[in-house]
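Structure first, then comments.
Because only heavy atoms are used, hydrogens play no part in the values below, and waters and symmetry mates are left out as well, while side chains stay in. Proteins get letters first, then strands, A, B, ... in listed order; numbering begins at 1 in each.
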2 protein chains.
Amino acid sequence: MNKDRCLKPATDEECRKAWLTLKDTMDIVGGKWKLVLISILRGGKFKFRELAKEAEISPRILSKELKELEMNGLISRTVLDTRPITVEYQLTPYSVSLNELISAMYDWGKIHRQKITGKP
Amino acid sequence: MNKDRCLKPATDEECRKAWLTLKDTMDIVGGKWKLVLISILRGGKFKFRELAKEAEISPRILSKELKELEMNGLISRTVLDTRPITVEYQLTPYSVSLNELISAMYDWGKIHRQKITGKP
DNA sequence: GCTATGGGTTACATAAAGGATACCATCCAA
DNA sequence: TTGGATGGTATCCTTTATGTAACCCATAGC
């Protein structure tokens, strides 16, 4: 099917698949924190508490979000043999595949803000 | 700032703005129904009950989602002078500005599914 | 008046997401 | 043996999102 539009010639099944794919993406980078954490991690490696402080997120939620991002191959978790141990989180090479998407979201957000505020 | 990465040289303030912009976008096209409705409306005009049936969404939620999409200029609502009156919803020309974003979401969803399932 | 159609709204209930706080475990150093 | 650093968990609670069912309003036909 045409990826840009779900036009009438497409079957219902094809249309459904199209937005299921969109839904998959939303499930993985949607929610309040995923893109915030990815944005922060674009700045380099962070330890658990550093991330918590940077994002102003509670440890419970941070822990959950990091697990989900790791499960989806977007970040890696490295335990360092220090005393006491420290854990570093960083983006994986695979996470680069999100660049276009994030860029598109950022661009549209700017376009839309211009439209709403009327400012250039 | 560099729109692709939030690197260390950027100030905290700039980083914050970057993900606030991402958040704006998520607020408008995120959630369970927005992209589903936009996808459906790419197929043409729909009346209220047609949309409800097509998306399998309850009238209460549909009403709310349509109002939000309309407020953001993405769809238009036209009352037709029929008996009883009917109301048509359709995408606005502005909604075309979302094409790149939706395309990027769709592409990444496919890429990611391939990675997860291992299938081509 | 009774019923049907189209476009919703209201009131209520449940599910999912997010947050605050305290706490646990380990290691080490004073 | 007490206390700080680090990486979390456990518990409880609030807020937001979504769902269900019934209902309201106008009009038209019978």
Side-chain angles (χ1 to χ4, degrees), chain A residues 16 19-20 22-41 44-72 74-91, chain B residues 16 19-20 22-41 44-72 74-91:
Chain A
R16 208 179 57 86
W19 68 257
L20 282 182
L22 296 177
K23 188 175 177 307
D24 286 348
T25 301
M26 290 297 302
D27 286 347
I28 293 163
V29 301
K32 186 169 178 179
W33 294 110
K34 299 283 194 306
L35 287 174
V36 173
L37 294 174
I38 289 171
S39 294
I40 292 174
L41 287 168
K45 301 173 177 176
F46 281 77
K47 305 205 178 83
F48 188 85
R49 287 193 198 277
E50 287 174 346
L51 267 177
K53 189 178 177 188
E54 192 72 17
E56 300 181 72
I57 183 178
S58 72
R60 193 182 74 88
I61 305 295
L62 178 57
S63 176
K64 196 197 69 172
E65 300 288 308
L66 289 173
K67 274 175 192 160
E68 290 168 7
L69 288 170
E70 196 190 354
M71 272 202 316
N72 283 303
L74 295 171
I75 65 171
S76 64
R77 179 181 182 276
T78 312
V79 181
L80 301 178
D81 193 16
T82 55
R83 303 300 142 182
I85 60 161
T86 50
V87 179
E88 275 181 357
Y89 291 93
Q90 62 185 315
L91 294 180
Chain B
R16 207 179 59 86
W19 69 257
L20 281 181
L22 297 177
K23 188 175 178 305
D24 287 348
T25 301
M26 289 298 301
D27 285 347
I28 292 163
V29 301
K32 186 169 178 179
W33 293 112
K34 299 284 192 306
L35 287 173
V36 173
L37 293 174
I38 289 171
S39 295
I40 291 174
L41 286 168
K45 301 173 177 176
F46 281 78
K47 306 206 177 84
F48 189 86
R49 286 191 199 278
E50 288 174 345
L51 266 177
K53 189 177 176 188
E54 192 73 15
E56 300 181 71
I57 183 178
S58 70
R60 192 180 76 86
I61 305 295
L62 178 57
S63 176
K64 196 196 68 166
E65 301 287 311
L66 289 173
K67 275 176 192 160
E68 290 168 6
L69 288 170
E70 196 191 355
M71 271 202 315
N72 283 303
L74 295 171
I75 65 171
S76 64
R77 177 180 183 277
T78 311
V79 180
L80 302 178
D81 192 16
T82 54
R83 304 297 142 185
I85 60 161
T86 48
V87 179
E88 274 180 358
Y89 291 93
Q90 62 186 315
L91 294 181

Would one find a side-chain N or O of [X] under 4.0 angstrom from OP1 or OP2 of [N]?
X: B/Y89; N: C/dG8; value: yes
X: A/K32; N: C/dG19; value: yes
X: A/S63; N: D/dT9; value: yes

Check whether any side-chain heavy atom of [X] sits under 4.5 Å from a side-chain heavy atom of [Y], and report yes or no.
X: A/L69; Y: A/K34; result: yes
X: B/L62; Y: B/L37; result: yes
X: A/W19; Y: B/L35; result: no

Mind checking what makes side chain to side chain contact (heavy atoms under 4.5 Å, CB included) contact with B/L20, not counting sequence neighbours?
->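 B/L20 satisfies side chain to side chain contact (heavy atoms under 4.5 Å, CB included) with B/R16, B/K23 only.
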
Does any N or O donor sit under 3.5 Å from an N or O acceptor when you compare the side chain of A/R60 with the base of C/dG18?
->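 A donor-acceptor contact between them is present.
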
When the distance from [atom1] of [X] to [atom2] of [N] is rounded to whole Å, what number comes out?
X: A/E65; N: D/dG8; atom1: CD; atom2: P; value: 14 Å
X: A/K34; N: C/dA17; atom1: NZ; atom2: P; value: 9 Å
X: A/L62; N: D/dG8; atom1: CG; atom2: C1'; value: 10 Å
X: B/K53; N: C/dG8; atom1: NZ; atom2: P; value: 18 Å
X: A/I57; N: C/dG18; atom1: CD1; atom2: P; value: 9 Å
X: A/E68; N: D/dG8; atom1: CD; atom2: C1'; value: 16 Å
X: B/E88; N: C/dG8; atom1: CD; atom2: C1'; value: 17 Å
X: A/K64; N: C/dA16; atom1: NZ; atom2: C1'; value: 9 Å

Exercise. Report the distance from atom OG of A/S63 to atom CG of A/L51, rounding to the nearest 0.5 Å.
Key: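 Those atoms lie 11.5 Å apart.
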
Discussion item. With nearest nucleotide decided by heavy atoms, which residue, A/S58 or B/K47, maps closer to the 5′ end of DNA chain C?
Written reply: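 It is B/K47 whose nearest nucleotide is closer to the 5' end.
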
Nearest of [options] to any side-chain atom of [X]?
X: B/F48; options: C/dA20, C/dG18, C/dG8; result: C/dG8
X: A/W33; options: C/dG8, C/dG19, C/dT21; result: C/dG19
X: A/K67; options: D/dG8, C/dG19, D/dT9; result: D/dT9

| message | Using the side chain to side chain donor-acceptor pair (under 3.5 Å) criterion, which residues pair with B/R60? Sequence neighbours excluded. | response |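 Partners of B/R60 under the side chain to side chain donor-acceptor pair (under 3.5 Å) test: none.
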
Exercise for the section: Check each residue of residues 77-87 of chain A for a non-hydrogen atom within less than 4.0 Å of any atom in DNA chain D, then write out the ones that pass by number, or none. Expected result: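 Heavy-atom cutoff 4.0 Å gives A/R77, A/P84, A/I85, A/T86, A/V87.
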
Can you tell whether the side chains of A/K45 and A/E50 come within less than 4.0 Å, N to carboxylate O?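 Answer for the salt bridge query: no.
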
